[in-house]
Amino acid sequence: MHNNNFSQTGYLTRFYLRRDWLKILIWLIGLVGLMGIGGGKFDGLYGTKAAMNSIVATLKTPAMISMFGPFTAQQPYNVALIFAMEMMVFMGLFMAIMNIYFAVKATRAEEDNGILELVRAHAVGKYAPLLAATLELLIINLVIGILESLSLIAANMTGANAAGSWLFGLGLAAVGFMFGVFSLLMAQLSDNARGATILSYLVLAILFLVRMLTDVTNPDYTWWSPFGWIEKLSVYDQNIWWPVLAMLGVALLVIGATFYAYAHRDVTAGLIATRPGRKQASALLAGPLTLIFRLERTSFIVWLIGLFVLGASYGSIFGTVGDIMKTNPMVAQLMGSKAVNAATQTVILNFAALLAIVFVVLSTIPAMQIILKLNGDERKGWLEQIHAKSISRLHLYCSYVVLALITGSLSLLLGVIGMYAAGQSVMDTPIPLSRFLRAFYGYLPALLVTVGISAVFAGLLPRLQAISWLVPIYGFISLYLGNLLDLPKWAVNLTPYGWINNVPLRQVQWPLTGALVALAFALFVIGFMLYRRRDMVEN
Amino acid sequence: MIMVENVVEIEHLQKKFGKTVALEDITFAVRQGEVFGFIGPNGAGKSTTIRTLLGILRASGGAATIFGQDVWRDAVAIHTRLAYVPGDVYLWPNLTGGEVIDLFLKLNHQKHSAKTDTLIKQFELDPTKKTRTYSKGNRQKVALIAAFSTEADLYIFDEPTSGLDPLNEEIFQKNVLALKQAGKSILLSSHILSEVERMCDRIGIIRQGRIIETGSLEEMRHLTRTVVQVQTKQAPNDISQLAGVHDIKVDSSEVNKISFAVDSDQMSPVMAALAAKEIISLQSTPPTLEDLFLRYYNDDRQEVKRDAQ
Ligand SMILES: Nc1ncnc2c1ncn2[C@@H]1O[C@H](COP(=O)(O)OP(=O)(O)OP(=O)(O)O)[C@@H](O)[C@H]1O
Ligand SMILES: [Mg+2]
């Protein structure tokens, strides 16, 4: 056993788990907590039959189906059925994100920083590090899945049964593991961690959008997207287990491909070889701002296109979403055509308001990433020589901030425009762009403030700056699920996103916008003061 | 003698990282037009001193100026006249070497010049490759080429040759000497003592965050011992009794042949005593920088041992 391709796998797996224990624990608390608290709270929410029927009616609208998946259960409804429907896609998304994070971290990131080379130089099997990373993912998912199941059993919702709870947790574990494995494969294709992450999210985004579009048009086609398979589990209803096996089957196939790719490449190389580049810098590469832009160019483009496509995908279902005649024929007949028209617009704008939250949180991600790179690039040693040049800290800081804000605002803008452009073609009575742009003007200040908060963290606590991710994550959960979970107002108002009114349905609150922009500016100034006074972080 | 202006001036510089004291008391100066060698054991505080000089770290006490300006407050102004090469060169993996060189030049408001091309040829660097594919030495070359083609008054090198092969190391030394001839000032931290010995006008030795010695190699030699190998007609028995004589070794293969080390300031009386014994042959070896360094280094170790007991 000392001389085979897998020797030391067990030891490495234990080592990886020990290395990542804190991060695993944080994810575990977040995911299991969300599940348990949601489950515990639900019973009280839809206690009466009337409340139940009204939420089911809402959930059956195309808008809600696009966000949460189709509601397929039959009468009589119960709380557990509603919970399963609302949480499955949402939790699946978070499981996938967690797995992408750990998969890239355990493979390509270790390769980037040279650790894999050191490990492979020891008496460690050729495949051991990759297998250990795979096992780490499997263990993380299994533990979280089991705990999620247990938390559901403990929540003891009306209508829940143990079989359904186990299926829910283990189904999520399976979908998580499947996406983790996709990511392991992406880590073989790309030759750097960031590329691997981008590719992984691309896969997730495509599968998620296919799921969304097919759910709204014809749920049978949702089989085309492995992400959609979690909707087919029919938790607490028919409790169908075999999609779990299908996901594990796909995972196994992809693992095979991953090991094959791993075996056929060199350490630190990707399957896509790095090509030679320019002999001299272009005139555009001339200072910190253009340098950072050059480095972030790929992810900049990917984010902009990504948000536009996302916006357009959702926009393309505006026709179905606004079709009150179909979703609520009785009401529609009573209203008369003019009123139907107005009601349709309201439904669509309400949906757009919900989407705006998704877009603004997503747009915050690249902006915040760039701000946090101020310390991240420093740690990589890339800025040491820049500091030795006649570049002031203010110049460097502003370069990161400006690029972050440009990326964030353009992403948000493109999300909104994408939604408008695609919606335009499918609506009977189109809504003008200016109306949709309210979502942009309305939510942009929240993005600015959130990114400003991360700048303060970057200045104050460079080692703990990742804490700033809590703001968009919590903001997303509280607003996306806030209404369904009936969160109190103060809990929604904890993040800047919660302060914004229901744009584009309502008017933009310009005084608030002005105040938030001023607040954001102050935060960036404070961030700079903190950044200027301290040592640069090292390695 | 003309008055020389100090380009770098450091006085009682201190740097603490939380409770760890990295620099306790650093005082030295780099004069206009000289190559100043900065040596000391691992973890002594060389890189910390240099990073403080660059305004990357903020000093906890003391004062440091470059060109008479404060290194923290006036960092940007200073850096227009300065070039720096760190010991570990980390470059943006998806830029090419050529792009990075040009970028570094532009950041100092300078341009890719004929000199840059000459340096790229001299160091035999392929500037079209992405830096992710470079070896350690090649990454170092990128930083060196950028620094050498920068028109500056002060050049700071922190272990710049740790990854270079001997041929490239020689090219590095040639370029440093050319800078010196052009009247530039250079601060060079290095573990390659032969390199320091060959190029530096003056040397500072740092140990545990303190400068324990500065001066030219000549001056330092006076503070240390010369190794003497001697054969005399009469038995040199009582030499060991003289002040300043250490480590006597008797060469058993020949008659009356011994070797010993003598403190430089006790040289004359010892020579007189040897002359009285009628010298047959005499060979004296001045201490190399390595001897000097090892001596300081070992003092350090012994101190540590004493502390431990
Ligand atoms: N950011 C930091 N935080 C805490 N301690 C630090 C930090 N940077 C340096 N040190 C400590 O300061 C001391 C001096 O380190 P420095 O890097 O200056 O040594 P050096 O002389 O350059 O060594 P080497 O020859 O190995 O390059 C070391 O003990 C080191 O551990
Ligand atoms: Mg050092």
Side-chain angles (χ1 to χ4, degrees), chain A residues 111-114 190-195 266 268-270 273-292 294-299 373 377-396 399 532-539, chain B residues 15 17 47-48 50-59 72 75-110 112 116-117 120 126-133 142-143 146-147 150 156 158:
Chain A
E111 216 164 320
D112 277 359
N113 60 29
S190 169
D191 67 355
N192 62 88
R194 192 141 49 103
D266 300 324
T268 75
T274 306
R275 281 168 305 154
R278 306 174 71 97
K279 192 169 171 194
Q280 291 197 16
S282 80
L284 290 176
L285 179 61
L289 183 64
T290 45
L291 169 66
I292 305 162
R294 172 65 208 278
L295 300 170
E296 299 298 317
R297 193 171 57 189
T298 316
S299 61
K373 282 209 162 77
D377 289 354
E378 188 78 55
R379 249 176 249 138
K380 290 185 182 131
W382 293 349
L383 300 183
E384 174 138 1
Q385 286 177 93
I386 303 258
H387 294 311
K389 304 286 175 192
S390 54
I391 302 293
S392 65
R393 288 195 184 190
L394 180 64
H395 188 166
L396 194 63
S399 306
R532 189 182 55 177
R533 296 183 57 244
R534 64 171 168 83
D535 290 346
M536 302 285 80
V537 190
E538 282 161 42
N539 305 319
Chain B
K15 177 67 198 174
F17 293 107
S47 301
T48 305
I50 289 175
R51 287 187 177 141
T52 312
L53 284 179
L54 291 167
I56 295 174
L57 298 178
R58 186 175 199 170
W72 174 262
V76 179
I78 293 171
H79 295 175
T80 47
R81 298 168 58 194
L82 177 151
Y84 166 60
V85 176
D88 299 308
V89 178
Y90 298 100
L91 304 171
W92 304 276
N94 48 350
L95 297 188
T96 65
E99 283 179 302
V100 173
I101 291 171
D102 289 3
L103 174 74
F104 281 159
L105 285 167
K106 284 184 198 170
L107 289 178
N108 262 13
H109 314 295
Q110 301 192 12
H112 190 108
T116 317
D117 288 325
I120 290 176
D126 178 353
T128 63
K129 278 190 170 172
K130 294 270 167 73
T131 67
R132 117 163 74 246
T133 65
V142 169
T150 303
I156 297 180
D158 188 358

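Throughout, protein chains are lettered first and strands after them, A, B, ... in sequence-line order, and every chain is numbered starting at 1.
Your options are B:K15, B:H112, B:H109, and the one with the most heavy-atom pairs under 4.5 Å with chain A is B:H112. Between chain A and the options B:I78, B:V76, B:L53, heavy-atom pairs under 4.5 Å are most frequent for B:V76. Considering only heavy-atom pairs separated by less than 4.5 Å from chain A, the leading option among B:L103, B:D126, B:L82 is B:L103. The candidate with the highest count of non-hydrogen atom pairs below 4.5 Å against chain A, out of B:V85, B:L54, B:L91, is B:L91.
A donor-acceptor pair is defined here as one N or O able to donate and one able to accept, closer than 3.5 Å; such a pair exists between the side chain of B:K106 and the backbone of A:L285. Distance alone, capped at 3.5 Å, places no donor-acceptor pair between the A:R278 side chain and the B:P127 backbone. The closest donor-acceptor contact from the side chain of B:H79 to the backbone of A:K389 lies under 3.5 Å. Under the 3.5 Å distance criterion, the side-chain polar atoms of B:R58 are matched with a main-chain donor or acceptor of A:R533.
Residue B:A143 touches chain A through both its backbone and its side chain, counting heavy-atom pairs closer than 4.5 Å. Of the two parts of A:T290, neither the backbone nor the side chain holds a non-hydrogen atom closer than 4.5 Å to a non-hydrogen atom of chain B.
Side-chain contact between B:R51 and A:H387 is absent, with no heavy-atom pair separated by less than 4.5 Å. Using a 4.5 Å heavy-atom cutoff, the side chains of B:L95 and A:L291 are in contact. Contact check for A:Q385 versus B:V89: side-chain heavy atoms found under the 4.5 Å cut-off. Residues A:I386 and B:L107 are in side-chain contact: their nearest non-hydrogen atoms beyond the backbone lie under 4.5 Å apart.
Rounding to the nearest 0.5 Å places CD1 of A:I292 at 9.5 Å from CH2 of B:W92. One finds the CZ atom of A:R532 at 9.0 Å from the CH2 atom of B:W72 (value rounded to the nearest 0.5 Å). Atoms OG1 and CD, on B:T116 and A:Q280 in that order, are 8.0 Å from each other to the nearest 0.5 Å. Between atom OG of residue A:S390 and atom CZ of residue B:R81 there is a gap of 12.5 Å, rounded to the nearest 0.5 Å.
Taking each heavy atom of A:R393 and B:I56 in turn, the nearest pair found is NH2-O, 3.2 Å.
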